[in-house]
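A short worksheet on the structure shown next.
Note that ligands are numbered from 1 as they come in the structure, with each ligand's atoms numbered from 1 the same way. Hydrogens, waters and symmetry mates play no part in the numbers below; they use all other heavy atoms, side chains included.
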Amino acid sequence: MNRIAAGEVVERPSSAVKELIENSLDAEARRIDIELAAGGRSLVRVADDGCGMEPDDALLALERHATSKIASAADLEHIASFGFRGEALPAMAAVSRLVLLTAANPAEGGVRITVEGGRILGVEPAARPRGTTVEVRDLFFNTPARRKFLRAPETELRHAQEAVWGAALAHPEVEFTLRHGSRTLIEAAPTTDPGQRLRDLWGRLEGPVHRFEELASGVEVWGLLAAGGGAGKPTLTLIVNGRPVRDRLLVGAVRRVLGVPGTGAGGARVVLFVTVPADEVDVNVHPTKAEVRFARAGSIFAVVERALRAGVAASQGHVGVRRVETPQWVAESGSGPQPTVEAAVMEPAGSRRPLFPHPAWGEAAEPVAPPATWQAGGHPAGAGARAAAPDTPFGRLIGQYRSSFLLLEDEWGLVIVDQHVAHERVLFDRIRRRLAGETAPSQRLLEPLLCELDEAAIAALPRVQALLLGVGIEADPFGPGTIRVSALPPETDADAALAVVEALLERATAMDGAPETVLEELADELAASLSCRAAITVNRALSDVEQRTLLADLAVTSNPYRCPHGRPIVLRLGQDEMERRLGRR
Ligand code: ADP
Ligand code: MG
C-alpha cells in the first residue's frame, strides 16, 4: 500500500479543483460547475451531475484517511479490501472545512456530511438532484505554516483556472462553468470540437485557432495554437493519453519555439494532445498524477517540436517564428550520448561553490519538529523486515548513494531523496522569505561588474531593481547599453549572479499583466533561478551532519515533495513492492 500524505495531494486551491473535477469526471458527470472565492483560498466548490454516492459510501470515502491512522494490521487489511486507490477527499477534509452533499438516488434522499480538519462534525439527510457537491472552505486553516505559503488570490486563481482548462480541454464533451465571486469566467457548452472548446474557454480570443499534427515512431501529437496578440510567455496545456498533466520538458519546447519577445508570439496558447502506448508513459511519478515520465522523452520532445513548428508555419501572419535551436538535449539520462537537460541543470557552469552557503552546515544539526505529513504517517509495513527507529523527519538515515541521493528507511520502505532538488527547495523558500521582507546578506564589490545588455533589457531594470536588492544584488544602469552590479550576496559567483540578472531582465521584458502579478511571477523566477544555481549538485559527497541538516531543513519547507520547478524530490520504494519483486509474496 502506498500511503499518500495530505501535503502531497493538496498543495494549493488548484489541487483541490483538480482532484474534485477528476472525481466528477470519474462519476461520469455531463456538467461540472466550479465556484471559487478569493482564488480558492476561502472557497472551492465543485458540483456535478454524476452518479452520486450512497450515504454509506460517502462516509467511507471521507473516513479512509482517519481510519488508515489506526495502526492495526487487521484494519489496514480491511481498508485494502475496499480498494485503496486515492485519498484526495480525506486529504482535503484533513486540511479544510469540507462539506460533501451527494445523492445517488434522489428518491431515497441524499446526505450532507460536514467535516472540519478531518473530524466529522455532522451527517444529516439532505435533498439534492442526483450528483455530488463538494465544498472546500478555508484551505489549510488548521496548518498555518502551509497557509502562509498560499499566494495572492489572483495567483491562486490563475493556477485554479489552469486546472479547469486542462480538464475542460481533455473533456470537451462535458459542460464546464467557472465562477469566481460574482464573475463568470468560463461557460463552456459541450462540444465535439476541441478548437471550439478553446474558444469558449478563452473569452478574449479573437484570432483563428490553428490545428497541427505530427505522427512519428508510435508517438501521436496534435495540437491547437492560438496567437495571444500580447506580450508574455506562451502557455501550454498538455494532455497525455487523455489526462491533463504537466511536463517541464515540453513547456521548454513550447517556449523555445514560441517564446521570444518581440516576435508577436507573446501570450500564445498551445494545447498539445500527446498519445503514446500506455507502457511508455509512467503516470505514477507524482502522487496526484500531475506529472508523467516518458520512456522515450527524447523522441517525444523532437516530435512535439516538429509539430509546434508546423503549427507556427500554419499560423504564419499571426505568430512570428523564432529561430529554432536544434535541441542538444534529450530527456532521460542514458537515452543518448549528449548531455542531458538534468545534467545541465544540476551542474551549472563554473564554480561548484554554493551561492548561499548552508548556514547550519558545520554546526550541529538542530532538532527540528517533523512536518505534519510525517507525524501523520506510520504503520509497520507487511511481513518480514522491520524499520529501525527514525532519526530524521523522513525516517532513519542510511547514507548517501553515489554522492547524489540520500537513502533512508521508514515504516513504508525505502526513501530516496535527491539532494540537489532538496537543497533547491530549501534555498527557494529561504529566498522567497527574503523577498518577502527578511533582510538579505549582501557584500559590496571593490570593483563593480559591468554587463552589456540590449536596450529592452535595460529598460526593464527599474522594474526588477527592488527584487534584486531583496536577494542582495545591487544593480543600476551605467551608461548606454550597460548595467553595473555593485553588490552581491556573500560568496556569490559573479558569473552566476550576472546570469541570474540577465535572465530576470529577459523575463521582465516578456511579461505583461497587472504589475503586482508580474512582480510576483518575477519573484518566483528569481528565487527559482538563484536557488537552482546555488544548490548543491549531484556527485558531491556530504558529511553525515550535512545530510541530516538538509533533511531537517527540507522537512519544514512549504513543499518537501516537489522542487520549485515541479520536479519530485522524494521517491519511495515500498516494502511491499520490494518484497513482491523479490518473490517474497
Ligand atoms: P479516488 O478518486 O482515488 O478513489 P477520492 O478520495 O478522490 O479517491 O474519492 C474517493 C471515492 O469517493 C471515489 O472512489 C468515489 O467512489 C467517491 N467519489 C468522490 N467524488 C465523487 C463524485 N463527485 N461523485 C461520485 N463519487 C465520488
Ligand atoms: Mg479522486
Side-chain angles (χ1 to χ4, degrees), residues 1-11 13-35 44-69 78-96 98-106 108-115 117-118 120 123 126-136 139 160 163-164 166-168 170-171 174-178 242-245 283-291 373 376:
M1 195 192 320
N2 198 2
R3 196 171 167 290
I4 292 169
E8 290 180 77
V9 175
V10 194
E11 192 194 2
S14 65
S15 339
V17 171
K18 172 177 176 294
E19 293 294 337
L20 293 175
I21 293 179
E22 262 174 27
N23 284 349
S24 297
L25 290 168
D26 285 346
E28 305 202 311
R30 310 313 304 162
R31 175 182 175 140
I32 302 176
D33 297 306
I34 303 125
E35 193 183 332
V44 172
R45 182 191 290 131
V46 175
D48 68 50
D49 62 354
C51 64
M53 286 175 263
E54 300 289 351
D56 286 354
D57 293 338
L59 262 176
L60 195 66
L62 279 168
E63 275 179 334
R64 264 183 261 174
H65 198 67
T67 323
S68 70
K69 280 182 187 162
H78 179 71
I79 296 161
S81 68
F82 275 91
F84 197 92
R85 280 197 301 153
E87 284 200 327
L89 273 183
M92 283 183 274
V95 291
S96 72
L98 184 145
V99 178
L100 170 66
L101 171 63
T102 186
N105 191 345
E108 287 167 19
V111 66
R112 174 187 285 111
I113 306 176
T114 314
V115 195
I120 294 186
V123 182
R128 192 204 186 284
R130 200 183 74 122
T132 303
T133 305
V134 179
E135 204 177 272
V136 177
L139 190 63
V164 178
H171 294 275
V174 176
E175 182 169 354
F176 279 87
T177 68
L178 170 63
R243 297 182 71 97
V245 291
V283 294
N284 289 317
V285 292
H286 188 269
T288 69
K289 304 193 183 344
E291 283 156 38
T373 50

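Contacts between Asp48 and ligand 1 below 4.0 angstrom, taking non-hydrogen atoms only, involve the side chain exclusively. Of all the heavy atoms of Thr132, the ones lying under 4.0 Å from any atom of ligand 1 belong exclusively to the side chain.
Atom numbering of ligand 1 starts at 1 in the shown order; those under 4.0 Å from a heavy atom of Ala88 are 5 (P), 6 (O), 7 (O). Listed by number with element, the atoms of ligand 1 under 4.0 angstrom from any heavy atom of Ala27 are 24 (N), 25 (C).
Judged by distance alone, with hydrogens and angles left aside, the side-chain atoms of Asp48 form no donor-acceptor pair with the main-chain N or O of Gly131 at under 3.5 Å.
Taking a 4.0 Å cut-off on heavy atoms, Pro90 registers as neighbouring ligand 1. Put simply, no part of Gly50 is less than 4.0 Å from ligand 1, judged by heavy atoms. Look at Met53 and you'll find a heavy atom under 4.0 Å from some atom of ligand 1.
Applying the side-chain contact (heavy atoms from CB on, under 4.5 Å) rule to Ala170 yields the partners Ile239, Pro244; only residues at least two apart in sequence or on another chain are considered.
Val174 and Arg30 get closest at one heavy-atom pair: CG1-O, 3.5 Å. Between Arg128 and Thr102, the shortest heavy-atom distance links the atoms CD-CA, 4.2 Å.
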For residues 52-61, which side-chain N or O atoms pair as donor and acceptor with protein atoms under 3.5 Å away, sequence neighbours left out?
none

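Contact check for Asn23 versus Val134: no side-chain heavy atoms found under the 4.5 Å cut-off.
Backbone and side-chain nitrogen or oxygen atoms of Glu19 are examined, and none is located within less than 3.5 angstrom of a nitrogen or oxygen of ligand 1.
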